[in-house]
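Here the structure comes first, spelled out in structure tokens, and everything after it is commentary.
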There are 2 protein chains.
Amino acid sequence: MYVTIMRQKKTSPANNVTVLERLRTAGLRPTRQRLALAKLMFARGHRHVSAEQLFNEAKSSRVDVSLATVYNALHDFTAKGLLREISIDSSSSYFDTNTGSHHHFYFERSGHLEDIAAERVNIASLPEAPGGAEISRVDVIIRVKA
Amino acid sequence: MYVTIMRQKKTSPANNVTVLERLRTAGLRPTRQRLALAKLMFARGHRHVSAEQLFNEAKSSRVDVSLATVYNALHDFTAKGLLREISIDSSSSYFDTNTGSHHHFYFERSGHLEDIAAERVNIASLPEAPGGAEISRVDVIIRVKA
DNA sequence: TCTATCATTAGAATTGTTCTAAACTGCTTG
DNA sequence: CAAGCAGTTTAGAACAATTCTAATGATAGA
């Protein structure tokens with residue numbers, strides 16, 4: 001049941017507006033929780049965040065959301081193209097705020113991910129998808145021993 | 001505890017010998033279970049198999065192994081270079097009997113994987129790994145809407 | 001303001017995988 | 001070729017990430 005009505009500190013109004021509009025134009029109701037989570041996700045440049053991580057950030061920021069809501073929000077955002085999901089290490093998946101075309105370094109020791117701009121990977125040729133199926137995207141993952 | 005001593009049908013002796021030798025040269029004791037699992041894995045060309053799948057195949061073939069053993073064997077084989085592990089869809093991981101350099105089509109609807117020979121993907125240029133770290137491998141996954 | 005519809009919640013349930021400690025076996029040695 | 005030890009296997013418990021459930025709450029449009 002609902003226990004606490006959070007009363008979070010307002011960040012800059014500009015930030016509020018953009019996040020709110022991103023949700024609205026994506027066709028997502030800008031609820032308190034989605035707004036708060038979206039702000040955490042999109043506040044600082046591109047990131048690779050797991051559900052658990054975002055949940056913890058929310059707790060630290062006194063944003064009172066349940067873990068289920070974090071999963072719901074991340075999936076809703078992904079379905080609407082605001083995020084992109086990546087699963088590299090089968091133990092958990094990451095949500096990437098960079099939805100443009102790009103690739104990744106994966107640091108095997110730490111499990112850390114780092115973006116590679118699309119231009120830095122030059123793919124000269126790719127095979128056709130079998131049966132002329134449509135390609136939805138091409139992921140290049142460079143696994144690094146570090 | 002040990003319940004049944006399985007008594008499996010012998011397949012061709014040649015097949016037996018090669019699998020046994022593959023295990024031995026890999027530095028793995030060719031136990032009954034490992035032999036049986038290796039035969040299932042390597043019998044028919046290249047495959048992408050999950051632990052659960054292999055476990056079920058074993059059951060169907062009256063090979064009495066525990067699920068834990070299947071996981072142990074798959075990981076042991078992978079550690080010794082007999083298999084390669086792939087995680088694409090974070091729900092479970094696959095073990096690929098093709099350990100050579102190659103890439104994959106991933107059929108999003110079915111979750112199915114298909115090999116792409118390394119030559120069919122032409123990467124003209126790749127970035128250096130940060131800090132000069134060693135690249136352990138490059139995975140290209142072509143996601144297909146089918 | 002009312003209300004249908006959509007979102008959130010706590011906790012239970014599921015799923016894939018790993019752990020544990022005890023039973024067992026392949027292999028080397030004597 | 002028996003014995004024993006190191007490496008394997010096992011059932012089931014434990015775990016971690018994620019999804020489900022069904023009840024409560026909030027949003028947006030009339």
Side-chain angles (χ1 to χ4, degrees), chain A residues 1-8 19-21 23-38 48-56 58-59 63-80 82-83 85-95 111, chain B residues 1-8 16 19-21 23-38 48-56 58-59 63-80 83 85-95 111:
Chain A
M1 84 212 62
Y2 281 7
V3 176
T4 314
I5 301 299
M6 79 203 161
R7 206 162 300 253
Q8 42 164 154
V19 170
L20 192 147
E21 297 205 328
L23 292 184
R24 255 202 236 288
T25 56
L28 291 169
R29 271 196 197 168
T31 65
R32 209 189 329 275
Q33 293 86 338
R34 295 215 270 227
L35 273 168
L37 294 173
H48 304 107
V49 184
S50 71
E52 202 71 28
Q53 264 171 55
L54 182 57
F55 181 58
N56 288 328
K59 278 201 285 200
V63 171
D64 190 2
V65 288
S66 73
L67 182 55
T69 297
V70 172
Y71 276 102
N72 289 339
L74 288 173
H75 288 144
D76 294 344
F77 294 175
T78 303
K80 300 299 187 176
L82 265 42
L83 294 176
E85 190 172 358
I86 316 173
S87 332
I88 278 173
D89 155 302
S90 77
S91 70
S92 88
S93 54
Y94 290 88
F95 294 84
Chain B
M1 80 205 69
Y2 282 7
V3 177
T4 314
I5 300 299
M6 80 203 159
R7 203 163 302 254
Q8 41 160 158
N16 264 312
V19 170
L20 192 147
E21 295 204 328
L23 292 184
R24 255 203 237 287
T25 55
L28 292 169
R29 269 199 202 167
T31 64
R32 209 191 327 276
Q33 293 86 340
R34 294 215 269 229
L35 273 168
L37 293 173
H48 305 107
V49 184
S50 71
E52 204 70 37
Q53 263 171 56
L54 182 56
F55 181 59
N56 288 326
K59 278 201 284 201
V63 172
D64 190 1
V65 289
S66 73
L67 182 56
T69 298
V70 172
Y71 275 102
N72 288 340
L74 288 173
H75 287 145
D76 294 344
F77 294 175
T78 302
K80 300 299 186 173
L83 293 177
E85 190 172 357
I86 315 173
S87 332
I88 278 174
D89 154 304
S90 79
S91 70
S92 89
S93 55
Y94 290 88
F95 294 85

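Chain identifiers are assigned alphabetically (A, B, ...) following the order of the sequence lines, protein sequences preceding nucleic acid strands; residue numbering begins at 1 within each chain.
Note on Q33(B): every side-chain N or O is 4.0 Å or more away from OP1 and OP2 of dT25(C).
The two residues G111(A) and Y94(A) have their closest heavy-atom pair at O-OH, 4.1 Å. When all heavy atoms of V19(B) and L35(B) are compared, the pair lying nearest together is CG1-CD2, 3.9 Å.
With rounding to whole Å, D76(A) atom CG is found 9 Å from dA7(C) atom C1'. Taking atom CZ on F55(B) and atom C1' on dT10(D), their separation rounds to 11 Å, with Å as the unit. Computed from coordinates, the D89(B) CG to dT18(D) P distance equals 12 Å when rounded to whole Å. In this entry the distance linking CZ of R24(A) with P of dC6(C) reads 16 Å, nearest Å. Protein atom CG of L74(A) is 13 Å distant from nucleotide atom C1' of dA17(D), rounded to whole Å. Here dG26(C) presents its P atom at 9 Å from CZ of R29(B), a figure rounded to the nearest Å. If you take CG of L20(A) and C1' of dA28(D), they are 13 Å apart, rounded to a whole angstrom. For the pair L37(B) CG and dT9(D) P, the interatomic distance rounds to 8 Å; values are reported in whole Å.
Remark: E52(B) pairs with S50(B), F55(B), N56(B), L67(B) by the side-chain contact (heavy atoms from CB on, under 4.5 Å) rule, at least two apart or across chains. Partners of A73(A) by side-chain contact (heavy atoms from CB on, under 4.5 Å), not counting sequence neighbours, listed by chain and number: L37(A), F77(A). Partners of A68(A) under the side-chain contact (heavy atoms from CB on, under 4.5 Å) rule, at least two apart in sequence or in another chain, are S66(A). Every residue meeting the side-chain hydrogen bond (donor to acceptor under 3.5 Å, both in side chains) condition with S93(B), not counting sequence neighbours, appears here in chain and number order: E85(B). Take S91(B) and apply the side-chain hydrogen bond (donor to acceptor under 3.5 Å, both in side chains) test, not counting sequence neighbours, and it matches D89(B). Residues passing the side-chain hydrogen bond (donor to acceptor under 3.5 Å, both in side chains) test with N72(A): none are found, sequence neighbours excluded. Partners of F95(A) under the ring pair (Phe, Tyr, Trp, His ring centres under 6.0 Å) rule, at least two apart in sequence or in another chain, are H75(A).
Note on N72(A): a base of the nucleic acid sits closer than 4.0 angstrom, heavy atoms only. Residue contacts for T69(B): at a heavy-atom cut-off of 4.0 Å it reaches a base atom on one of the strands shown.
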Can you name the atoms? Protein N/O to nucleotides 28-30 of chain C N/O, anything below 3.5 Å, with the distance.
none

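When the nucleotides dA7(C), dA11(D), dT25(C) are ranked by their closest atom to the side chain of S66(B), dA11(D) comes out on top.
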TODO: Indicate for each nucleotide in nucleotides 15-20 of chain C, in 5' to 3' sequence, whether protein heavy atoms under 4.0 Å reach the base (B), only the sugar-phosphate (S), or nothing (-).
DONE: -SBBB-
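Interface remark: the R34(A) side chain does not form any donor-acceptor pair with the dT27(D) base, using a distance-only criterion of under 3.5 Å.
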